[in-house]
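One structure is given below, encoded as C-alpha cells.
None of these values were measured; they are calculated from a predicted model.
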Amino acid sequence: MGERRFYHGGDYNPEQWLKMPEILNKDLELMEKARVNIVTLGVFSWSMLEPEEGKYDLDWLADIIDKLYARGISVDLATPSAAKPAWLAQKYPEVLRVGANRVREKYGNRHSHCYTSPVYREKVRAVDQALARRFGAHPGVVMWHISNELGGECHCELCQNAFREWLRGRYGSLDKLNEAWNSAFWSHIYSDWSQIESPAPHGEGAMHGLILDWKRFVTQRTLDFYRMERDAVRELVPGAKFTVNMMYRFDGLDYYKFAPGLDMISWDDYPTWHKAGESDEEIALKSSMMHDFFYSLKGQPFWMMESSPSMTNWQPVSKVKKPGVQMLSGLNAVAHGADAVMYFQWRQSRGAVEKFHGAVVGHDGREDSRPFRETAELGKALEALSPIAGALRAKEAAIVYDVESKWAMEGAQGPRNIGLGYWDEVMLHYRALQKRAVTVDFVNEDGDISGYKLVVCPMLYMLREDFCEKLRAFVAGGGTLVLTYWSGVADETDLCRLGDTPYGLTDVLGLRRLEIDGMYDGETRRCVPVSAENAPEAFGRVLCEVAEVSTAKPLYKYAEDYFKGAPAAAVNFFGNGRTYYLATRFEPGFYSELYAKLAADLFDSPIKQPLPEGVLPAKRGDWLFVQNTTGEEAEAMDAKLPPYGTLILNLKTGERLIY
C-alpha cells in the first residue's frame, strides 16, 4: 500500500465457481484487461472455509490469492461473520438473533446473529484466526475487511443483560437513570435494574431516554463485536490494517464511534441514477455528500468499497447507468477523497437473491459488454491520475451532523411527526456550499471545529454543554456560524432544556425562541427581505420558528400569519465573529444566495462565476474537478464537457484533463 496509486477492483466470489476452473482462469485474464489491482475475498465464504465445525478448508482460497498475487492483484481479505453456515445455527440456536418482538429468527439471510452470544464470538474468533494464521503474512493481503455492512440489533436475554450492565456503567445508580429519563412520567420509575427492557412494539415505546440509550447500546455492542474480530486477527498479524464497509445514510449505528479503531474508512455507494422527478445533479450531490462524510470520519482518504458498474437489483426500479455515468461516479468519488474505486461485484452470480445485481462481468462472460468496457476505461483513467492518490482535502467549512441528535429529534414526537426531513435540511446547506467548490467536512459534537472558517448547524436539536461552549468560543474567536430552527432544544438524554432557547446561545444569536409552528405538506409562509440586498422574497416551509430579537439584525421577516414581522433570518455579531439564524426551511435559491455571499467573503474559491445547472465542482489537493452530471454537452471553466464528462484542472500548473 506504500506506492502512490488508486485501487480498482471489487468483490470477488470465486467459491461460487470452484467447479468451473475455466471461469476462474478467465477471470484472471479479464481482471488484467479491466486494470483491476485489488479484489475483496471471503465476505460470504464461511460454509466453504469451515464446512464442518473445526474442520477448515483454506486451500482453495490460498490458490486464488496466490494466482491473484502473481498477476499483481492485491486482496482485501474479509472475515466471514456476516453470514453463518447452516451447521452452526442448527447446533447452536442461541446464536440467532431475537427481534424487537422477542421472536428468535430462523436460519437464513445474513446478519442474523447475536453479537453478544459467547458461542458466536468463539466460533467467529476461531475462523478469523484460521484465516490469520494462513494468510496473515501473505504479501498479497493488504487489508482486512471485518464482516460486511454491519447493522441490526438483537433483543435476546443475553443482550438485555448486557444493556442493563451498560446502563449501570453509564449512570451508576437507578436514581440517576430515573432522573435522566424523566421516568416519573407515566409512573415509569424503575426500582430494580431487571425491570428495564429494550424497546418493543408490544412494550416500551414512550421513554425517549431509554430508546435513545438503546440505540447507543446497539452501536456499543456492534463496535465491541468489531473489536473482537479485529483483535483476533491482530493477535496473529500485528501489522494488519482493518476496515468495515459502511452504508449510505445508515443511522442504525453511530459511525463516528467506529472511526478511531479503523485504519481505512470504506463505504458502499449505490445512488439511484436517472430517477424520475430528480435530476442527476441532485443524485450526484447525495453521493458527494456521503463521500465527504466518510472522508471526514478520519480526515483522510477512504475507499469506495462497493458500487455497481451497471445496475442494482434491490432498488424499487433497477435503472442501468447511462453511458459515461460509471466514469462520472468513479471520478466523483476520487474528487471527494476516495483512494479506491471498487464494485459489487466482479462476476454476476448465477442464482439466489443477487443474481441480477450488476457486475463487471455479466452472465454472458463477454469483455465487449458496456459495463466491462467502461470499467476498463475507468481503470485506465485511475492509472493516469495516480499523482492525485493520497491527496488531502482543504479544511474550510464544517456541517454538524450528530447521529445521536438525529435519533433524539426523530423520536421526540413533535413538532412534526410526518417527517422532519433532516437529511433534506442538511442537503440544502451542503448543495449551496458544494456548488461554490467550498470543501465541506462533517463533524459531530465530539468533533473539533476550531480550524474552520464556517460551521453550519442544521437542526441541532440535542445540544450538549461541551459543544455549546465550543460553538461560543468558535464565534467569539472570529468564526461564522449558521444555526437553524429547532436547535438547542434538549440535552444528551433528551430532556428539554429549561429557560431561554436555543440553549446557551441566545446571546450569541441575539434572539430567543418563543415557539415553533409545524407546516402541513405544501403549506408555506411568505418571507420578505428587510433590505434590497437580500432580495428576492422567500418562502418558509416544514417548520416556522418564532423568535424575539435582542441584538440580532433581521435579514428576512415573516410577511403573514400571526407571527408576521418576526425574523425568518437574522445576523448577529458576537465577539470577533458572527452568527446567522434561519428560523425556517427555505427553498434552495435562498441558500444559494446566502452561501454565495459567505463563500466570497470567507474562501478563495476557484469558481468565480456560477456554473451551469448540472455542473458540479470539487477540490482535492491541488486539483479541481468539474463534472457535468447531465446527458448534454456543457461549457464550464473555458472547457466543453461531454455528457457526464469531467474536467480535472491542476490549480498550480494549469494542466487540464477531460474524461
Using side-chain contact (heavy atoms from CB on, under 4.5 Å), reason through Leu385 and Tyr659 one step at a time and then give a plain yes or no.
CA-CA 11 Å; Leu385 297 172; Tyr659 290 97; 4.0 Å; yes
Are Trp486 and Val542 close enough, and set up right, to give a side-chain contact (heavy atoms from CB on, under 4.5 Å), and what steps lead you there?
CA-CA 11 Å; Trp486 212 226; Val542 182; over 6 Å; no
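For Lys67, the side chain to side chain donor-acceptor pair (under 3.5 Å) criterion is met by Asp63, not counting sequence neighbours. Arg585 meets the side chain to side chain donor-acceptor pair (under 3.5 Å) test with Glu425, Tyr485; sequence neighbours excluded. With sequence neighbours excluded, the residues that form a side chain to side chain donor-acceptor pair (under 3.5 Å) with His336 are Ser288, Asp292. Qualifying side chain to side chain donor-acceptor pair (under 3.5 Å) partners for Arg541, counting only residues two or more places apart in sequence or in other chains: none.
Around the NZ atom of Lys608, the shell of radius 6.0 Å holds more than 12 heavy atoms that belong to other residues, nucleotides or ligands. Atom NZ of Lys298 has more than 12 neighbouring heavy atoms from other residues, nucleotides or ligands inside a 6.0 Å radius. Enclosure of atom CZ in Arg249 by more than 12 non-hydrogen atoms of other residues, nucleotides or ligands within 6.0 angstrom is indicated. A 6.0 Å sphere centred on NZ of Lys395 holds more than 12 heavy atoms belonging to other residues, nucleotides or ligands. In Asp601, the CG atom is crowded: over 12 heavy atoms of neighbouring residues, nucleotides or ligands sit closer than 6.0 Å. Other residues, nucleotides and ligands place more than 12 heavy atoms under 6.0 Å from the CD atom of Glu383.
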Just list the side-chain donor-acceptor pairs under 3.5 Å for residues 310-317, sequence neighbours left out, or say none.
from   : atom 1 : to     : atom 2 : distance (Å)
Thr312 : OG1    : Gln315 : OE1    : 3.1
Asn313 : ND2    : Val353 : O      : 2.4
Gln315 : NE2    : Tyr270 : O      : 2.9

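The cationic group of Arg393 lies under 6.0 Å from the six-membered ring centre of Tyr295 and within 45° of the ring axis, placing it in a cation-pi geometry.
With hydrogens and angles ignored, the 3.5 Å screen pairs a side-chain donor or acceptor of Asp402 with a backbone N or O of Glu404. Ser287 places no side-chain N or O within 3.5 Å of a backbone atom of Pro271 that could act as its donor or acceptor partner. Here the side chain of Asp263 pairs a donor or acceptor atom with the backbone of Phe242 at under 3.5 angstrom. Checking side-chain atoms of Thr375 against main-chain N and O of Pro371 turns up a donor-acceptor pair under 3.5 Å. Under a 3.5 Å cut-off, the side chain of Lys241 and the backbone N or O of Met143 do not form any donor-acceptor pair. Looking at Gln434, its side chain does come within 3.5 Å of a backbone N or O of Pro617 through a donor-acceptor pair. The backbone N or O of Met247 sits nowhere less than 3.5 Å from a side-chain atom of Asp268 that would complete a donor-acceptor pair. The backbone N or O of Val142 lies less than 3.5 Å from no partner atom in the side chain of Ser74, so there is not a single donor-acceptor pair. Looking at Ser349, its side chain never comes within 3.5 Å of a backbone N or O of Gly351 through a donor-acceptor pair. Using modelled atom types, one side-chain atom of Lys453 and one backbone atom of Leu602 make a donor-acceptor pair closer than 3.5 Å.
Between Tyr581 and Glu545, the side chains place a donor N or O and an acceptor N or O closer than 3.5 Å (distance only, hydrogens not considered). Residues Tyr401 and Asn444 have side chains that never bring a donor and an acceptor to within less than 3.5 angstrom of each other. If you check the side chains of Tyr452 and Asp441, you find a donor sitting under 3.5 Å from an acceptor. Trp346 and Asp27 share a donor-acceptor pair across their side chains, judged by distance under 3.5 Å alone. For the 3.5 Å distance criterion, the side chains of Tyr7 and Asp76 fail to qualify, holding no donor opposite an acceptor.
Here the CG-CH2 distance, from Leu24 to Trp17, works out to 9.0 Å after rounding to the nearest 0.5 Å. To the nearest 0.5 Å, atom CG of residue Leu611 and atom CD of residue Glu635 are 12.0 Å apart. Expressed to the nearest 0.5 Å, how far OG1 of Thr630 lies from CG of Asp280 amounts to 8.5 Å. For the atom pair Leu649 CG and Leu657 CG, the distance stands at 9.5 Å (nearest 0.5 Å). Taken from CG in Leu428 to OH in Tyr430, the straight-line distance is 13.5 Å, to the nearest 0.5 Å. The distance from atom NZ of Lys26 to atom CZ of Arg347, rounded to the nearest 0.5 Å, is 9.0 Å.
Ring pair His357/Tyr343: centre-to-centre distance not below 6.0 Å. A distance of 6.0 Å or more separates the ring centres of Phe539 and Tyr556.
Using a 4.0 Å cut-off between a side-chain N of Lys or Arg and a carboxylate O of Asp or Glu, Asp368 and Arg366 qualify as a salt bridge. Using a 4.0 Å cut-off between a side-chain N of Lys or Arg and a carboxylate O of Asp or Glu, Lys406 and Asp251 qualify as a salt bridge. One finds a salt bridge joining Glu281 and Lys435 here, because a Lys/Arg side-chain nitrogen approaches an Asp/Glu carboxylate oxygen to under 4.0 Å. Salt-bridge check for Arg71 with Glu29: failed, with every basic side-chain N at 4.0 Å or more from each acidic carboxylate O. For the pair Glu560 and Arg526, the salt-bridge criterion is not met [side-chain N within less than 4.0 Å of a carboxylate O]. Ion pair Arg370/Glu377 not flagged as a salt bridge, since none of the NZ, NE, NH1 or NH2 atoms sits closer than 4.0 Å to an Asp/Glu carboxylate oxygen.
Closest heavy-atom contact between Ala338 and Phe6: O-CE2, 3.3 Å. The minimum heavy-atom distance between Pro642 and Asn628, with the atom names listed, is O-ND2, 3.0 Å. Phe590 approaches Ala569 most closely through the heavy-atom pair CZ-CB, 4.1 Å.
Looking at heavy atoms from C-beta onward, Glu632 lies out of side-chain contact with Pro643 at the 4.5 angstrom threshold. Annotation: side chain of Val341 is in contact with side chain of Val334 (closest heavy-atom distance under 4.5 Å). Side chains of Phe442 and Val426 form a contact here, defined as non-hydrogen atoms less than 4.5 Å apart. Using a 4.5 Å cut-off on side-chain heavy atoms (C-beta onward), Val39 and Gln345 make no contact. Inter-residue side-chain proximity for Val626 and Leu616 is flagged as unmet; no heavy-atom pair is nearer than 4.5 Å. Counting only heavy atoms from C-beta outward, the side chains of Thr243 and Asn245 never approach each other to under 4.5 Å. Counting heavy atoms from C-beta on, the side chains of Val455 and Thr480 never come closer than 4.5 Å. The closest side-chain heavy-atom distance from Val244 to Ile265 is not below 4.5 Å.
Evaluated for a side-chain contact (heavy atoms from CB on, under 4.5 Å) with Tyr12, the options Val43, Ile64, Ile73, Thr40 yield exactly one hit, Ile64.
Ring geometry for Phe294 against Tyr255 counts as tilted: the plane angle lies between 30° and 60°, on a 0 to 90° scale. Between Tyr248 and Trp267, the angle of the ring planes stays under 30°, which puts this pair in the parallel group of the 30/60° scheme.
Among pairs with a residue in residues 612-622, those fulfilling side chain to side chain donor-acceptor pair (under 3.5 Å) read Asp339-Arg620, Glu396-Lys619, at least two apart in sequence or across chains.
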